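The block underneath contains the structure these notes are about, expressed in structure tokens.
We use all heavy atoms of the structure for the numbers below, so side chains are in, but hydrogens, waters and symmetry mates are not. None of these values were measured; they are calculated from a predicted model.
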Amino acid sequence: QVQLVQSGGGLVQPGGSLRLSCAASGFTSSTLSMSWYRQAPGKEREMVASITIGGGTTNYADSVKGRFTISGDNAKNTVYLQMNSLKPEDMAVYYCRAHTVSIGVGNQLYWGQGTQVTVSS
């Protein structure tokens, strides 16, 4: 079965850093992209970063450009989100998402369980 297991959340002070991990299992070779989303209380879930599998093309929300970096380790089937210069506005539950496509199934989206990132002094 497809599974995305997240880790690395926690409490940091403003200006600090955190690294989130998302370990994938049960996938075929049809994964198109991996993304990180976040949702703060009272806010809509928003995409903060994505990476295209194979091509390595990345995309970031304007609010995190220059501070966050998405990367992957294909050998470990793991995607990371390095978050630097964290701000209180970054406080949210962060979710990993996989986008896959396959013959007979088409497009599918899989979500990690979410991990809390708290930014506070």
Side-chain angles (χ1 to χ4, degrees):
Q1 63 177 6
V2 174
Q3 188 174 23
L4 300 176
V5 180
Q6 300 178 218
S7 62
L11 171 66
V12 295
Q13 70 276 18
S17 298
L18 279 177
R19 190 191 194 198
L20 306 183
S21 298
C22 177
S25 63
F27 288 98
T28 67
S29 60
S30 61
T31 302
L32 298 180
S33 66
M34 298 289 291
S35 303
W36 288 98
Y37 285 72
R38 69 185 181 188
Q39 187 166 25
K43 300 290 184 64
E44 297 291 323
R45 185 173 296 187
E46 63 173 340
M47 190 195 78
V48 296
S50 66
I51 184 168
T52 301
I53 304 304
T57 302
T58 58
N59 192 29
Y60 298 92
D62 289 340
S63 59
V64 306
K65 284 182 178 178
R67 300 188 297 119
F68 290 11
T69 302
I70 187 171
S71 63
D73 186 333
N74 291 334
K76 297 181 179 180
N77 295 315
T78 300
V79 64
Y80 306 94
L81 184 66
Q82 178 66 46
M83 304 183 293
N84 299 326
S85 302
L86 282 161
K87 305 175 181 179
E89 305 92 271
D90 297 317
M91 191 182 311
V93 176
Y94 284 71
Y95 298 89
C96 174
R97 192 197 76 175
H99 177 200
T100 69
V101 65
S102 61
I103 297 175
V105 178
N107 291 282
Q108 291 185 292
L109 298 175
Y110 300 93
W111 293 89
Q113 81 278 14
T115 185
Q116 177 71 50
V117 171
T118 300
V119 185
S120 177
S121 59

Item to check | Pairs flagged by salt bridge (Lys or Arg N to Asp or Glu O under 4.0 Å) wherever residues 64-79 is involved - sequence neighbours left out | outcome: D62-K65, R67-D90
Checklist entry - Side-chain heavy atoms under 4.5 angstrom apart, residues restricted to Ile, Leu, Val, Met, Phe, Trp, Tyr: same cluster for Y94 and V5? => result no
Next on the checklist: Counting C-beta onward and ignoring hydrogens, is there a side-chain heavy-atom pair between I70 and Y60 closer than 4.5 Å?
Outcome noted: yes
Item to check | M34 reachable from L18 in the ILVMFWY side-chain graph, under 4.5 Å edges | outcome: yes
Checklist entry - To the nearest 0.5 Å, what is the distance between OG1 (T100) and CG (L32)? => result 7.0 Å
Checklist outcome for this item: SG of C96 to CH2 of W36, rounded to nearest 0.5 Å, is 5.0 Å
Item to check | Residues that Y110 engages under ring pair (Phe, Tyr, Trp, His ring centres under 6.0 Å), provided they are two or more places apart | outcome: F27
Next on the checklist: Using the rule that Ile, Leu, Val, Met, Phe, Trp and Tyr join whenever any side-chain heavy atoms are under 4.5 Å apart, tell me whether V48 and I51 fall into a single cluster.
Outcome noted: yes
Item to check | Within-4.5 Å side-chain heavy-atom neighbours: L86 and F68 | outcome: yes
Checklist entry - So how far is it from R97 CZ to S35 OG, rounded to the nearest 0.5 Å? => result 4.5 Å
Checklist entry - Do you know which of V12, T69, L20 makes side chain to side chain contact (heavy atoms under 4.5 Å, CB included) with M83? => result L20
Checklist entry - Any side-chain heavy atom of E89 within less than 4.5 Å of one from S63? => result no
Item to check | Shortest non-hydrogen contact from Q39 toward K43 | outcome: NE2-O, 3.3 Å
Next on the checklist: Before you tell me yes or no, could you show the steps for L81 and R38 under side chain to side chain contact (heavy atoms under 4.5 Å, CB included), namely the whole-Å CA-CA distance, both residues' side-chain angles and the distance that decides it to 0.1 Å?
Outcome noted: CA-CA 12 Å; L81 184 66; R38 69 185 181 188; over 6 Å; no
Next on the checklist: Test side chain to side chain contact (heavy atoms under 4.5 Å, CB included) on Y95 and L4; report intermediate values, then the result.
Outcome noted: CA-CA 10 Å; Y95 298 89; L4 300 176; over 6 Å; no
Next on the checklist: So which atom in S21 and which in T78 form the shortest heavy-atom distance, rounded to 0.1 Å?
Outcome noted: CB-CG2, 4.4 Å
Next on the checklist: Whether the side chain of T52 engages the backbone of S33 through a donor-acceptor N/O pair (distance < 3.5 Å, no angle test) should be reported.
Outcome noted: no
Distance-only check: which donor-acceptor pairs under 3.5 Å involve side-chain atoms of residues 111-121, not counting sequence neighbours?
from, atom 1, to, atom 2, distance (Å)
Q113, OE1, Q6, N, 3.0
Q113, NE2, Q6, O, 3.0
T115, OG1, G9, N, 3.4
Q116, NE2, A92, O, 3.4

Item to check | Nearest-0.5 Å distance that lies between atom CG in N77 and atom CD in Q3 | outcome: 12.5 Å
